[in-house]
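Accompanying notes for the structure given below.
Everything quoted here is computed from the prediction, not taken from an experiment.
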2 protein chains.
Amino acid sequence: MATDKWSVDDVTRQLGVTPRTLHYYEEVGLIPACARTAGGHRLYDQETIDKLTHILRLKEYLGYSLQEIRGILDAEDDIERLRMSYHSSEDQRERQVILDECAQSLDGIVRAIDDKLDRLSVMRRNFQERLDRCRQLQKESGVSEQS
Amino acid sequence: MATDKWSVDDVTRQLGVTPRTLHYYEEVGLIPACARTAGGHRLYDQETIDKLTHILRLKEYLGYSLQEIRGILDAEDDIERLRMSYHSSEDQRERQVILDECAQSLDGIVRAIDDKLDRLSVMRRNFQERLDRCRQLQKESGVSEQS
DNA sequence: ATATCACTTTACGTTGACGTAAGGTACACA
DNA sequence: TGTGTACCTTACGTCAACGTAAAGTGATAT
């Protein structure tokens with residue numbers, strides 16, 4: 001039950017982003033408004049830091065825009081809420097609808113990643129061939145220099 | 001020896017970009033200034049279309065900026081020139097230097113793609129697990145509705 | 001020949017994702 | 001209790017990669 005809190009400086013060091021980025025993500029609603037000290041300084045909890053890590057990966061590795069990321073996060077939050085309220089199940093129909101939406105969203109993401117993996121593999125082969133030809137030229141060039 | 005030429009409209013339809021994009025890429029030197037009709041309308045040849053295809057893939061699939069892409073294209077052009085002038089070999093030292101640079105550049109790209117592939121795979125697994133859990137909830141929810 | 005596109009150049013506008021500066025307050029430490 | 005950072009809000013600035021509008025010319029089909 002440590003419920004540790006970290007300052008802006010801590011977070012920026014840990015994640016390699018600027019304070020402005022943290023403020024901006026909060027401003028556009030990507031992360032929730034975090035706790036504050038008596039004087040108004042921000043205090044980030046572990047959950048938010050995890051979320052930020054997730055966001056940065058989606059951005060850097062998958063190339064999603066912040067808008068798209070918000071869509072993904074929303075879908076994930078929906079699932080989490082459903083999972084929490086599993087036994088309260090007020091409206092089963094709505095549960096089903098939300099679950100369908102989430103499954104579709106997640107399935108879309110997985111498919112998109114698969115596509116990306118395929119295309120990346122093709123490009124990898126392509127560049128590897130170029131590199132091989134380049135190395136071949138290097139060898140030939142080296143041989144001709146020996147004479 | 002057809003040396004066919006295509007209009008702006010042809011190219012934009014084929015590649016799914018706007019005329020402005022073609023103009024812009026020419027403006028910043030990503031593609032060479034193409035041939036024109038007597039009246040000044042652009043005529044693109046196959047080579048330029050191939051280059052554009054390559055550029056768009058680098059942009060979309062690898063997420064490179066136009067600046068980075070120009071660097072890659074330059075390296076590729078260097079290799080091509082070396083390949084063409086193989087037997088004229090004026091300055092062997094310079095050949096070696098250029099070849100080294102190209103090999104390093106290409107190697108860097110391949111490594112970057114490998115990194116990307118790894119990270120993408122990790123994220124794929126991650127989202128797949130989320131999807132599986134979602135599907136599990138769907139099943140459970142469906143079962144409870146049957147009662 | 002003429003109407004209708006397609007295309008040209010020039011140049012200002014836009015959007016996302018922050019950068020940066022200003023002016024003031026909070027925190028931590030000696 | 002001072003003092004040097006760290007942080008706050010507000011707000012204008014920036015940069016890439018185009019979008020878009022204007023005003024005019026070229027291509028083409030009837």
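Contact annotation: the side chain of B/Y61 never approaches that of A/V122 to less than 4.5 Å [non-hydrogen atoms, C-beta and beyond]. With contacts defined as side-chain heavy-atom distances shorter than 4.5 Å, the pair B/L73/B/H54 qualifies.
An OP1 or OP2 oxygen of D/dC8 is reached within less than 4.0 angstrom by a side-chain nitrogen or oxygen of A/H23. Between A/T18 and C/dG19 there is a side-chain polar atom (N or O) within less than 4.0 angstrom of OP1 or OP2. Listed pair A/R42 / C/dC27 fails the phosphate criterion, with no side-chain N or O lying under 4.0 Å from OP1 or OP2. Between C/dA17 and A/R20, no contact under 4.0 Å exists linking OP1 or OP2 to a side-chain N or O. Under 4.0 angstrom from either OP1 or OP2 of C/dC18 there lies at least one side-chain N or O belonging to A/K59.
Rounded to an integer number of Å, the gap from OH of A/Y44 to C1' of D/dC7 is 11 Å. Atom CH2 in A/W6 sits roughly 19 Å away from atom C1' in C/dC27 (whole-Å rounding). Atom CG of A/L30 and atom P of C/dA17 are 9 Å apart (whole Å). What separates CZ of A/R36 from P of D/dC7 is a distance of 12 Å, to the nearest Å. One atom, CD1 of A/I69, and another, P of C/dC18, lie 9 Å apart when rounded to the nearest Å. Counting to the nearest Å, the P atom of D/dA11 and the CD atom of A/E27 are 12 Å from each other. Rounded to whole Å, atom P of C/dC18 lies 9 Å from atom CG of A/L56. Rounded to whole Å, atom P of D/dT28 lies 11 Å from atom CG of B/D10.
Between A/T37 and B/S7, the residue anchored nearer the 5' end of DNA chain C, judged by the nucleotide with its closest heavy atom, is B/S7. Heavy-atom distances to DNA chain D give each of B/Y64 and A/R13 a nearest nucleotide, and the one nearer the 5′ end belongs to A/R13.
Here the side chain of A/H41 is nearest to one of D/dA6, D/dA17, C/dA17, namely D/dA6. Side-chain proximity of B/Y25 to D/dC18, C/dG19, C/dT8: nearest is D/dC18. Side-chain atoms of B/S65 lie closest to D/dA17 of the nucleotides D/dC8, D/dG19, D/dA17. With C/dC18, D/dC7, D/dA17 as the candidates, the nucleotide lying closest to the side chain of B/Y24 is D/dA17. Considering only the side chain of A/D9, D/dC7 comes nearest among D/dC7, C/dC18, D/dA17.
Between B/E26 and the options B/R36, B/R20, B/K51, a salt bridge (charged side-chain N to carboxylate O under 4.0 Å, His left out) holds for only B/R36.
Side-chain contact annotation: B/D10 with B/S7, donor-acceptor N/O pair under 3.5 Å present.
Shown here is A/E47, whose CD atom has no more than 12 heavy atoms of other residues, nucleotides or ligands within 6.0 Å.
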